[in-house]
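For this chain, numbers begin at 1 and follow the sequence in order. Side chains included, hydrogens not; waters and symmetry mates left out as well; all remaining heavy atoms used.
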Amino acid sequence: MTSTFRTLLAATVLVASLPGCKSKPQNASGSASASAQPSRAAAARLSAAPSPHPATHASEAPQVLGCRVIEVSGAIESAGRPLRTGAWLDGASWLILPKDGKVVVKHPTSARELSVSGPGLVRLCAAGDEQVVLARGALRATAGPGARPGAQVLVFTPVGVVRYGDADLAARVTERSVNIQVFAGDAWVEPLFGATRRGPDHVLARVQSSLTAAAAPAPERAVTACREASQAAASAAAAVLTPGQAGASLGQRAASQLKARQTARALCGSALAVLGNAPNSASARALEIGIKEADALWQKVPSGPAGPAKP
């Protein structure tokens, strides 16, 4: 494989991992399952499990990538400790927000701010990325002066993904619904796990849209969908290095791999949001480890035999 081709493949893989990609993931079906509100003990156990995005817990010093807490209202917990203004968040821990709780964070690169109000359960800024895993709660987002064209914030919910760039919007999330209203800019909403959309998928200013599931997605099925999509993404990545696949050109194989990675990212992020609403169970840790393994799989850069791959 020539160094030029390896460089092109690595670039394709990197683009697939960026929030700016707007391709829509394929809907994944899920089955109905009753979900109980997690207790503090359940949330603590989930926080103790390895994050699907390698990182450390919130700290007072900016030793890791993430976003800074600029406002805290109410008694918000992070990994069993009270959350304080000035802390850095990297998505490793669930934040438990009481009814009167509110946290506002600012990303150092884009200067975009967002807030989450309780009652809620959320992970923010995993591995420095502008992404939110919102199991439940109310999100309010504003544009930032450093927002770059094409660079999007990803909000993973139990029933789908919300994407936005330079936008001012509000979203309320429960274990089986998302309601979004855009005040300025635009956003995209994509249903997962059998949820249905009411309203446009491309939400413009002064327009509302929503996602609803008949019942809360089952955690086990959500994680299975994540793992299967990640395996499909890994296979699509390997196919990029394999010439002559059913007459598909290199460009076609690369496009398929890109779409497969986006689908896996959406399903795995939303599976973690589903897991946040899971009842207190001994399987929670194993399920989150499964998400972590799947995340590593779809992000893996494949390697092939020496010599250039032919279209």
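The salt bridge (charged side-chain N to carboxylate O under 4.0 Å, His left out) check on Glu293 picks up Arg227, with sequence neighbours excluded. For Gln231, the side-chain contact (heavy atoms from CB on, under 4.5 Å) partners two or more places apart in sequence, or in a different chain, are Ala234, Ser235, Leu297. The salt bridge (charged side-chain N to carboxylate O under 4.0 Å, His left out) check on Asp100 picks up nothing, with sequence neighbours excluded.
The two residues Leu287 and Pro219 have their closest heavy-atom pair at CD1-CB, 4.0 Å. Residue Val207 comes nearest to Pro200 through the heavy atom pair CG1-CG, 3.8 Å, listed as atom of the first residue, atom of the second, then distance. Shown here for Val189 and Ser209, the closest heavy-atom pair between the two residues is CG2-OG, 3.6 Å. Closest heavy-atom contact between Ile96 and Pro98: O-CD, 3.7 Å. Taking both residues in full, the closest heavy atoms of Gly269 and Val133 are given as O-CG1, 4.0 Å, listed atom of the first, atom of the second, then distance. Heavy atoms only, all atoms of each residue included: Pro158 and Pro217 are closest at O-CG, 3.3 Å.
Judged by distance alone, with hydrogens and angles left aside, the side-chain atoms of Arg112 form a donor-acceptor pair with the main-chain N or O of Gly165 at under 3.5 Å. The backbone N or O of Ala239 lies less than 3.5 Å from a partner atom in the side chain of Arg253, making a donor-acceptor pair. Proximity of a side-chain donor or acceptor of Asn277 to a complementary backbone N or O of Ala135 within less than 3.5 Å is detected. Put simply, the side chain of Gln299 gets close to the backbone of Asp295: a donor and an acceptor are under 3.5 Å apart. Remark: side-chain polar atoms of Arg197 are paired, donor with acceptor, to backbone N or O of Gly199 under 3.5 angstrom. With hydrogens and angles ignored, the 3.5 Å screen pairs no side-chain donor or acceptor of Ser115 with any backbone N or O of Val104. Looking only at distances, no side-chain donor or acceptor of His107 sits under 3.5 Å from a matching main-chain atom of Arg68. Side-chain N or O atoms of Ser78 include none that pairs as donor or acceptor with a backbone N or O of Arg81 at under 3.5 Å.
Side-chain contact, Ser110 with Glu130: a donor N or O sits under 3.5 Å from an acceptor N or O. Between the side chains of Gln131 and Arg163, no donor-acceptor pair is found at a separation under 3.5 Å.
Here the OG1 atom belonging to Thr109 is positioned 10.0 Å from the CG atom belonging to Asp129, to the nearest 0.5 angstrom. Distance check: Leu211 CG to Phe193 CZ gives 12.0 Å after rounding to the nearest 0.5 Å.
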Take Val103 and Leu83, measure what side-chain contact (heavy atoms from CB on, under 4.5 Å) needs, and give me the verdict at the end. CA-CA 9 Å; Val103 57; Leu83 184 66; 3.8 Å; yes
Run the numbers on Arg136 and Glu175 for salt bridge (Lys or Arg N to Asp or Glu O under 4.0 Å), then give the verdict. CA-CA 6 Å; Arg136 63 180 185 274; Glu175 60 184 10; over 6 Å; no
Assess the residue pair Arg123 and Glu288 against the criterion (salt bridge (Lys or Arg N to Asp or Glu O under 4.0 Å)); give the C-alpha distance rounded to whole Å, side-chain angles, the decisive distance to 0.1 Å, and a yes or no. CA-CA 13 Å; Arg123 291 193 185 196; Glu288 186 165 350; 2.9 Å; yes
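Looking at Val72 and Arg84, their side chains never come closer than 4.5 Å, going by heavy atoms from C-beta outward. Using a 4.5 Å cut-off on side-chain heavy atoms (C-beta onward), Trp298 and Lys300 make no contact. Side-chain contact between Leu89 and Leu95 is present, with heavy atoms from C-beta onward closer than 4.5 Å.
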